Amino acid sequence: MTDLLHHSWEIAPPEAVRVQKTLETHLALQPLSDAPETIAGADISTKWRGRFGVGGMVVFSWPDMELIDESFHSGELRFPYVPGLLSFREGLLLEKAFLGLRAKPDLIIFDGQGTAHPRGFGIASHLGLRLGVPSIGCAKSRLFGDVAEPVGEEKGDWRYLYSPGGRKIGAVLRTRRGVKPVYVSPGHLIDIEDSVHWVLAATSRFRLPEVIRAAHRRVGEERARRKKA
DNA sequence: GCGACAG
DNA sequence: ATCTTGTCGC
Ligand SMILES: [Mg+2]
């Protein structure tokens, strides 16, 4: 299975869909084994129409939430943005950034979906499985799934996200009172409830978890800095 | 065929 | 995703 798990990133959309369907069967959705001592945020930065991008992971201690380590990797984004196939566009850069970390995180939160995905295999699931690290998807907008009733307005209010078939695939979580909620779903080695718990635990006064905010900010700075040198 | 559509 | 300062509202 390691051959399939470590498939090349150089594949086309049709095969990417097949890879997702096969790898999805290997996900382990279960309570997080232990409280994490470190949590990482992962994201990439790219230009409007440019192919150049920088991917990065930023590691924080928990519960102190102090910066422990960070790693970046830049390169060409060959795969186009196709809803449902985001991991094939961002995966290589994120994987290389992870490999460059000296302090491997106990949990990684990705800017995108986990199992709240048409084939149950969003970027958090793909990278979590591939890297063998517990992971969560925390997206700023919806890709797949619906809630039965609107989520409450208070911070911490949440509702399950259901697939059209009625399966629980994630959650819609209010991380700030009266502000648009985030879409949380397990990636790998964690379940829905613990995903909600840890996204909240990593969130302070803003809508997004600190690790995602930091990752987003740092990859943006790195892209600007590496553009020339 | 039509509508939806992470970043 | 990214372009960008000020501005409006709690
Ligand atoms: Mg992103």
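Labels below follow one simple rule: chain letters A, B, ... track the order of the sequence lines, proteins then strands, and each chain is numbered from 1. Predicted model, so just to flag it, every value in this text is computed and none were measured.
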A/Phe110-A/His126 aromatic ring centre distance below 6.0 Å: no
Distance in angstrom units between A/Phe88 CZ and C/dA1 P, rounded: 20 Å
Atom-to-atom span, CG of A/Leu93 to P of B/dG7 - whole angstrom: 18 Å
Near-strand residues of residues 110-149 of chain A, defined as heavy-atom separation under 4.0 angstrom from DNA chain C: A/Asp111, A/Lys140
A/Arg159/A/Glu149 under salt bridge (charged side-chain N to carboxylate O under 4.0 Å, His left out): CA gap, chis, key distance, verdict: CA-CA 8 Å; A/Arg159 308 279 314 194; A/Glu149 298 294 333; 5.7 Å; no
Separation of atom OH in A/Tyr183 from atom P in B/dG7, rounded to whole Å: 10 Å
Sugar-phosphate only, base, or nothing, as touched by A/Leu94 at under 4.0 Å among non-hydrogen atoms: nothing
For DNA chain C, the dot-bracket pattern of Watson-Crick and G-U pairs whose distances stay under 3.5 Å, | for other-strand partners: ..........
Nearest-0.5 Å distance, CD1 of residue A/Ile44 to CG of residue A/Leu93: 6.0 Å
Sugar-phosphate only, base, or nothing, as touched by A/Gly220 at under 4.0 Å among non-hydrogen atoms: nothing
Inter-residue atom distance A/Asp43.CG - A/Leu94.CG, 0.5 Å rounding: 7.5 Å
Verdict with supporting geometry, A/Leu85 and A/Arg119, side-chain contact (heavy atoms from CB on, under 4.5 Å): CA-CA 10 Å; A/Leu85 299 178; A/Arg119 287 168 292 281; 3.8 Å; yes
A/Glu76 CD - C/dA1 C1' separation (whole Å): 16 Å
Intra- and interstrand pairs of DNA chain B - dot-bracket, Watson-Crick/G-U under 3.5 Å, | marks other strand: .......
Gap between atoms CG and P, on A/Leu86 and B/dG7 respectively (whole Å): 8 Å
Whole-Å gap separating C1' (B/dC5) and CG (A/Leu85): 11 Å
Evaluation steps, side-chain contact (heavy atoms from CB on, under 4.5 Å), between A/Val151 and A/Leu173: CA-CA 7 Å; A/Val151 64; A/Leu173 170 65; over 6 Å; no
Gap separating the CG atom of A/Leu200 from the CH2 atom of A/Trp158, nearest 0.5 angstrom: 10.0 Å
Within residues 80-108 of chain A or reaching into it, pairs that qualify as salt bridge (charged side-chain N to carboxylate O under 4.0 Å, His left out) - sequence neighbours excluded: A/Glu95-A/Arg130
Under-4.0 Å side-chain N/O to phosphate OP1/OP2 contact, A/Tyr81 with B/dA6: yes
Spacing of A/Arg78 atom CZ relative to B/dG7 atom P, expressed in whole Å: 25 Å
Shortest non-hydrogen contact between A/Lys168 and A/Tyr162, atoms and distance: CG-CE2, 3.6 Å
Result of checking A/Val219, A/Leu99, A/Leu101 against A/Met57 for side chain to side chain contact (heavy atoms under 4.5 Å, CB included): A/Leu101
Would you tabulate the pairs of protein nitrogen or oxygen atoms and nucleotide nitrogen or oxygen atoms of nucleotides 3-10 of chain C closer than 3.5 angstrom?
residue: C/dC3; atom: O4'; partner: A/Trp48; partner atom: NE1; Å: 3.0

Pair listing, salt bridge (charged side-chain N to carboxylate O under 4.0 Å, His left out) test, anchored in residues 55-76 of chain A, at least two apart: A/Arg51-A/Glu76, A/Glu70-A/Arg218
Nearest atoms (heavy-atom pairs only) where A/Gln20 meets A/Gly84: NE2-O, 2.9 Å
Contact under 4.0 Å: A/His216 side-chain N or O vs B/dG7 OP1/OP2: no
Nearest-0.5 Å distance, CD of residue A/Gln30 to CD1 of residue A/Ile190: 9.5 Å
Residue from A/Pro36, A/Ser195, A/Ser135 passing side chain to side chain contact (heavy atoms under 4.5 Å, CB included) with A/Leu107: A/Pro36
